[in-house]
Amino acid sequence: MGLSVHLKKKVKGFNLDVAWEINNELTVLFGYSGAGKSMTLQLIAGLLTPDEGFVRIGSTTMFDGSTKIDVPSQQRRLGYVFQDLALFPHMSALDNILFGSNNKGKSERRERAGEMIRAFHLQGIEEKYPAELSGGQKQRVAFARALMRKPYALLLDEPFSALDNPLRIEMRQFLIDIKNSFDVPVIFVTHDAAEAYAVADTMIVYSSGSVLQTGSPKDVFDNPSSAEVEILVNARIPSHGLLKGYNHICA
């Protein structure tokens with residue numbers, strides 16, 4: 001299922017104006033902090049309202065400024081993992097996962113939660129609270145919750161940024177496995193070039209609210225479309241050799 005967007009939004013002097021289309025792939029929104037990547041996710045999810053434009057998932061229009069279509073965020077059937085994971089501290093791992101369901105039937109919800117627990121290897125920690133979980137366990141609970149409703153797309157706002165490097169590398173492979181196992185478009189925000197190179201099928205390079213370049217990681221790093229893109233990717237990582245090392249680790 002494809003996703004196409006054209007989004008315009010002005011907020012406190014910042015002007016976002018982006019348009020892109022992806023298929024069933026793992027797409028990385030890459031760029032400096034403050035470039036508009038997280039805002040894009042919020043606009044797609046319906047947490048913010050665009051000034052103009054559209055959001056289309058497959059043949060379904062979620063937002064269209066010209067026709068006044070604006071599907072409420074809770075009805076857009078999108079999985080969202082925030083930078084801080086946003087797990088409820090007073091709820092067990094199981095209850096956090098169940099919270100992600102849009103199915104009103106108790107038995108169906110429990111059955112789906114059981115599938116998620118097995119898929120994410122969370123057996124034995126169902127009754128533990130977030131404060132009792134390791135960093136990797138919290139990540140897996142957050143992803144399980146986001147995938148409970150069988151979303152049309154999975155939106156990830158730098159969910160690995162707080163992890164130490166060994167776990168962060170492990171979670172990159174975890175992300176690739178999720179894409180392959182659940183067959184859902186994934187949009188992943190990062191300003192880490194090694195991370196983008198390791199996981200992306202497609203990179204969309206952002207700067208100051210605009211898209212500078214779209215292509216495979218190899219295309220972007222080997223053939224930057226402008227001096228700004230070249231500076232951006234080189235500023236984030238010193239050599240292709242290091243990038244390839246990361247890619248090998250995560251393959």
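Any value given below was found using the heavy atoms of this structure, including those in side chains, with hydrogens, waters and symmetry copies removed.
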Indicate whether the side chain of [X] and that of [Y] have a donor and an acceptor atom separated by less than 3.5 Å.
| X | Y | result |
| --- | --- | --- |
| E21 | S4 | no |
| Q213 | S226 | no |
| E158 | T190 | no |
| Y32 | S208 | no |
| D64 | S66 | yes |

**Message:** Determine whether the aromatic ring centres of residues F30 and F188 are separated by less than 6.0 angstrom.
**Reply:**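 No, they do not, as the ring centres are separated by 6.0 Å or more.
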
**Item:** Ring centroid separation F174 to F120 under 6.0 Å
**Value:**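 Yes, the ring of F174 comes within the 6.0 Å limit of the ring of F120, centre to centre.
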
**Request:** Let me know which of D164, I169, L163 forms a side chain to side chain contact (heavy atoms under 4.5 Å, CB included) with P166.
**Result:**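 Answer to the side chain to side chain contact (heavy atoms under 4.5 Å, CB included) test with P166 among D164, I169, L163: D164.
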
Would you mind writing out the side-chain donor-acceptor pairs for residues 146-156 within the sub-3.5 Å range, not counting sequence neighbours?
from, atom 1, to, atom 2, distance (Å)
R149, NH1, Q74, O, 3.3

**Asked** Near F99 CZ, under 6.0 Å, is it more than 12 heavy atoms from other residues, nucleotides or ligands?
**Response**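 12 or below, so no.
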
**Prompt:** Is it the case that R140 places NZ or CZ above or below the six-membered ring of F143, under 6.0 angstrom from the centre and within 45 degrees of the axis?
**Reply:**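 No, R140 and F143 do not form such a contact.
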
**Request:** Before accepting this row, confirm whether a basic side-chain N of the pair D157/K37 lies closer than 4.0 Å to the acidic partner's carboxylate O.
**Result:**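 Looking at D157 and K37, the cut-off is not met.
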
**Message:** Between K9 and D51, does any NZ, NE, NH1 or NH2 come within less than 4.0 Å of an OD or OE carboxylate oxygen?
**Reply:**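 Looking at D51 and K9, the cut-off is met.
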
**Request:** Might you work through the salt bridge (Lys or Arg N to Asp or Glu O under 4.0 Å) test for K179 and D201, ending with a clear yes or no?
**Result:** CA-CA 11 Å; K179 172 61 186 67; D201 297 315; 5.4 Å; no

**Prompt:** Can you check whether F63 reaches R76 side chain to side chain, under 4.5 Å on heavy atoms?
**Reply:**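 Yes, side chains in contact.
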
